[in-house]
S.K.: 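Take a look at the following structure, please.
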Amino acid sequence: MTSLFALVDCNNFFVSCERVFDPGLEGRPVVVLSNNDGCVIARSNEAKALGLKMGQPAFEVQDLIQRHQVQVFSSNYELYGDMSARVVETLSQFSPNLEVYSIDESFLDLGNLYKTDLQAYAKEIKATVKQWLGMPVAVGVAPTKTLAKIANRLSKKSAKAEGALVLTDKRHIEEALKRTEAGDVWGIGRRYARKLQGFGVHTAWDLRNVSDSFARKHLTVVGLRTVRELRGEPCIDLELMLQVKKNICTSRSFGQAITDLEEVGEALTTHVVRCATKLRKQKSRAGAMTVFCMTSRFAAEGEVYSNCRTVYFDTPTDSEPELIRHALKALREIYRPGFRYRKTGLLLLDLVPASSVQLSILDTVDREKHGRLMETLDNLRERFGHSSVKYAAQGTEERWKLRQESLSPRYTTRLEDLIRAR
């Protein structure tokens with residue numbers, strides 16, 4: 001079977017998610033801010049045209065935002081995650097073999113469609129996602145994943161392509177590579193790009209034509225794989241299986257400084273629940289856990305403090321009550337009164353498959369009972385949202401929560417946020 005890949009990339013994804021539910025934002029400059037409304041992490045094309053940069057602190061561009069009436073949103077990860085899942089579900093209609101590369105990008109295996117009108121098929125993918133979800137996407141099709149990345153990138157810049165570009169003809173591939181800078185090739189980046197410029201390698205076409213020995217020496221084996229992909233040799237397969245993480249971390253900066261142990265504990269408990277949910281989702285259990293808390297690194301001298309404590313379990317676990325108990329005990333050991341804490345979190349370590357846990361004869365936890373409880377909680381959260389069931393230790397006021405002054409509704413995951421037709 002001949003290899004053929006499609007890369008589908010959502011355009012300005014976070015901004016597009018906001019526009020799906022508020023069409024009045026179309027044509028207006030829009031930005032989405034990072035945690036605690038700190039920096040710009042997504043921009044509409046109109047916002048880019050105003051000169052707003054990725055990663056730019058929000059306070060630095062307040063004048064520009066007000067002068068041009070830029071619409072500002074806090075990060076709504078619950079909405080973005082759900083919309084991403086819906087895009088993936090839609091794309092699965094076009095290929096049973098699909099790799100979710102990131103929250104806004106997916107690779108599709110189209111290897112059995114070479115006799116199909118690929119340009120029409122790519123446009124059908126684009127039109128279907130737009131019709132079903134209101135989400136604008138770009139589609140790049142090529143014989144390798146690296147070339148598909150280039151096709152996708154060029155599809156956004158070419159008025160003729162209209163967001164869907166197929167690169168299978170050798171002449172078209174050569175032209176595309178000559179129009180692409182080496183630093184814009186997937187996996188190369190700025191550091192390697194500067195190094196390559198010293199050898200006269202400026203474009204993707206130049207990179208494609210270096211020798212294998214040159215690529216191996218200056219770009220390592222990974223770079224050699226990229227060079228071969230540019231030549232049309234598939235070297236990077238689809239990752240169809242969910243990659244099992246070797247450790248799982250959850251932490252967030254507080255919206256405001258916290259001094260009270262109980263409030264820091266509420267935040268930590270919420271992070272434990274998130275971490276444990278991720279742990280069960282990949283069917284793993286944790287053999288150890290590190291809990292940490294810290295003040296701002298930029299606090300005045302004498303007001304900076306950070307500490308951590310690692311706990312080892314007799315039996316690897318995914319039980320939230322058990323993890324919460326150990327986490328809060330560790331927090332009490334490292335907490336020091338009088339400091340203004342800005343962050344807490346935990347790291348789950350020594351992960352093992354849930355199917356191969358070595359039980360301890362001294363274990364006092366009813367594993368079967370805890371397993372049934374976790375299954376019930378997961379089902380409730382899946383159906384009604386992650387905040388539908390909470391532990392008392394998570395508190396109710398949540399003064400520690402992220403600062404999200406411009407948060408849009410969670411239109412697709414919360415009943416109270418459903419759009420009402422009038």
Side-chain angles (χ1 to χ4, degrees), residues 77-78 81 244-252 254 258 260-293 307-335 341 343-402 413-414:
Y77 294 120
E78 191 171 326
V244 175
K245 297 179 180 178
K246 296 181 180 179
N247 53 63
I248 298 175
C249 180
T250 299
S251 67
R252 290 285 187 277
F254 302 147
I258 298 294
D260 184 63
L261 171 61
E262 184 175 336
E263 289 187 306
V264 178
E266 291 175 1
L268 179 61
T269 302
T270 300
H271 298 334
V272 170
V273 173
R274 286 285 184 183
C275 240
T277 302
K278 296 175 186 176
L279 186 68
R280 291 191 298 275
K281 192 170 185 178
Q282 71 170 35
K283 295 181 171 53
S284 297
R285 292 186 182 174
M289 171 176 61
T290 295
V291 172
F292 58 88
C293 64
N307 206 344
C308 66
R309 182 76 79 246
T310 299
V311 182
Y312 295 91
F313 309 129
D314 292 331
T315 302
T317 182
D318 63 4
S319 166
E320 289 170 10
E322 188 178 6
L323 291 169
I324 290 170
R325 176 167 55 84
H326 285 292
L328 293 179
K329 181 176 183 294
L331 177 64
R332 287 192 292 271
E333 293 173 357
I334 62 176
Y335 171 83
Y341 294 94
K343 191 174 188 178
T344 188
L346 72 152
L347 178 68
L348 296 180
L349 306 161
D350 298 346
L351 306 191
V352 297
S355 58
S356 57
V357 171
Q358 183 68 47
L359 298 176
S360 169
I361 60 173
L362 302 177
D363 191 13
T364 58
V365 176
D366 187 338
R367 299 288 163 192
E368 186 177 345
K369 180 179 179 181
H370 278 232
R372 291 197 302 270
L373 173 61
M374 293 302 98
E375 184 179 356
T376 301
L377 291 181
D378 287 340
N379 290 336
L380 287 171
R381 291 169 183 152
E382 181 71 25
R383 184 175 179 183
F384 299 110
H386 207 273
S387 301
S388 58
V389 183
K390 299 173 69 174
Y391 294 88
Q394 290 179 260
T396 55
E397 292 189 14
E398 300 183 336
R399 287 202 318 124
W400 48 268
K401 286 196 74 172
L402 291 174
T413 56
R414 303 212 178 189

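Numbers here are sequence positions counted from 1.
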S.K.: Show every salt bridge (charged side-chain N to carboxylate O under 4.0 Å, His left out) that has at least one partner inside residues 383-395, sequence neighbours left out.
M.R.: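 Residue pairs with at least one partner in residues 383-395: K390-E398.
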
S.K.: V311 versus K329: any side-chain heavy-atom pair under 4.5 Å?
M.R.: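 No, too far: nothing below the 4.5 Å cut-off.
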
S.K.: Determine yes or no for a side-chain-to-main-chain donor-acceptor pair under 3.5 angstrom, with T250 supplying the side chain and L347 the backbone.
M.R.: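 A pair under 3.5 Å: no.
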
S.K.: Is it the case that over 12 heavy atoms from other parts of the model lie below 6.0 angstrom from the OH atom of Y312?
M.R.: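 Not buried by this count: 12 neighbours or fewer within 6.0 Å.
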
S.K.: Any salt bridge (charged side-chain N to carboxylate O under 4.0 Å, His left out) involving residues 262-275? Give me the pairs, sequence neighbours left out, ordered by first then second residue.
M.R.: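 Output for this query lists E263-R399.
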
S.K.: Should L377 and Y391 count as side-chain neighbours, where that means a heavy-atom distance under 4.5 Å?
M.R.: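 In short, these two side chains touch, coming nearer than 4.5 Å.
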
S.K.: Hey, what do you get for OH (Y335) to CG (D260), rounding to the nearest 0.5 Å?
M.R.: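 So the OH of Y335 and the CG of D260 are separated by 6.0 Å.
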
S.K.: To check you understand the geometry: which heavy-atom pair defines the closest contact between M289 and L323, and what is its length?
M.R.: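 Shortest heavy-atom contact: CE-O, 3.6 Å.
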
S.K.: Between atom CG of L349 and atom OG1 of T290, what is the distance when rounded to the nearest 0.5 Å?
M.R.: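 Between atom CG of L349 and atom OG1 of T290 there are 4.5 Å.
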
S.K.: Less than 4.0 Å between a side-chain N and a carboxylate O, is that true for E382 and K281?
M.R.: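 Looking at K281 and E382, the cut-off is not met.
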
S.K.: To the nearest 0.5 Å, what is the distance between CZ on R381 and OG1 on T277?
M.R.: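 If I round to the nearest 0.5 Å, the distance is 5.0 Å.
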
S.K.: Do R309 side-chain atoms and I334 backbone N/O form a donor-acceptor pair below 3.5 Å?
M.R.: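 Flag not set: sc R309 to bb I334 has no pair under 3.5 Å.
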
S.K.: Within the structure provided, determine whether V365 and T315 are in side-chain contact (heavy-atom separation under 4.5 Å).
M.R.: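 When only atoms from C-beta onward are counted, T315 and V365 do not touch, as no gap falls below 4.5 Å.
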
S.K.: If you look at every heavy atom in L346 and C275, which pair is closest and at what distance?
M.R.: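 Closest heavy-atom pair between L346 and C275: CG-SG, 4.1 Å.
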
S.K.: Identify the heavy atoms of Y341 and C293 that sit nearest to each other, and give their distance.
M.R.: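 The pair with the smallest heavy-atom distance is CE2-SG, 3.7 Å.
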
S.K.: So, for P316 and V357, which heavy atoms are closest and what is the spacing to 0.1 Å?
M.R.: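 Closest approach of P316 to V357, heavy atoms only: CD-CG1, 3.8 Å.
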
S.K.: What orientation do W400 and F254 show, parallel under 30°, tilted 30 to 60°, or perpendicular over 60°?
M.R.: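 Judged by the thresholds at 30° and 60°, the geometry between W400 and F254 is perpendicular.
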
S.K.: Might you confirm whether atom CD of E333 has over 12 heavy atoms from other residues, nucleotides or ligands at distances under 6.0 Å?
M.R.: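 More than 12 heavy atoms, drawn from other residues, nucleotides or ligands, come within 6.0 Å of this atom.
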
S.K.: Quick one, K283 and P353 - any side-chain contact, counting heavy atoms below 4.5 Å?
M.R.: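 No, side chains not in contact.
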
S.K.: Among D378, V273, L380, T376, find the residue that satisfies the side chain to side chain contact (heavy atoms under 4.5 Å, CB included) test when tested with V389.
M.R.: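 Going through the options one by one, the only one that passes is L380.
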
S.K.: Which pair of heavy atoms, one from S319 and one from H370, lies closest together, and at what distance?
M.R.: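 Heavy atoms only, the tightest pair is OG-ND1, 2.5 Å.
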
S.K.: Can you check side-chain hydrogen bond (donor to acceptor under 3.5 Å, both in side chains) on Q394 and T269, steps first, answer last?
M.R.: CA-CA 6 Å; Q394 290 179 260; T269 302; over 6 Å; no

S.K.: Taking all non-hydrogen atoms of both residues, which atom of Q282 and which atom of K245 are closest, and how far apart?
M.R.: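 Shortest heavy-atom contact: OE1-N, 3.0 Å.
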
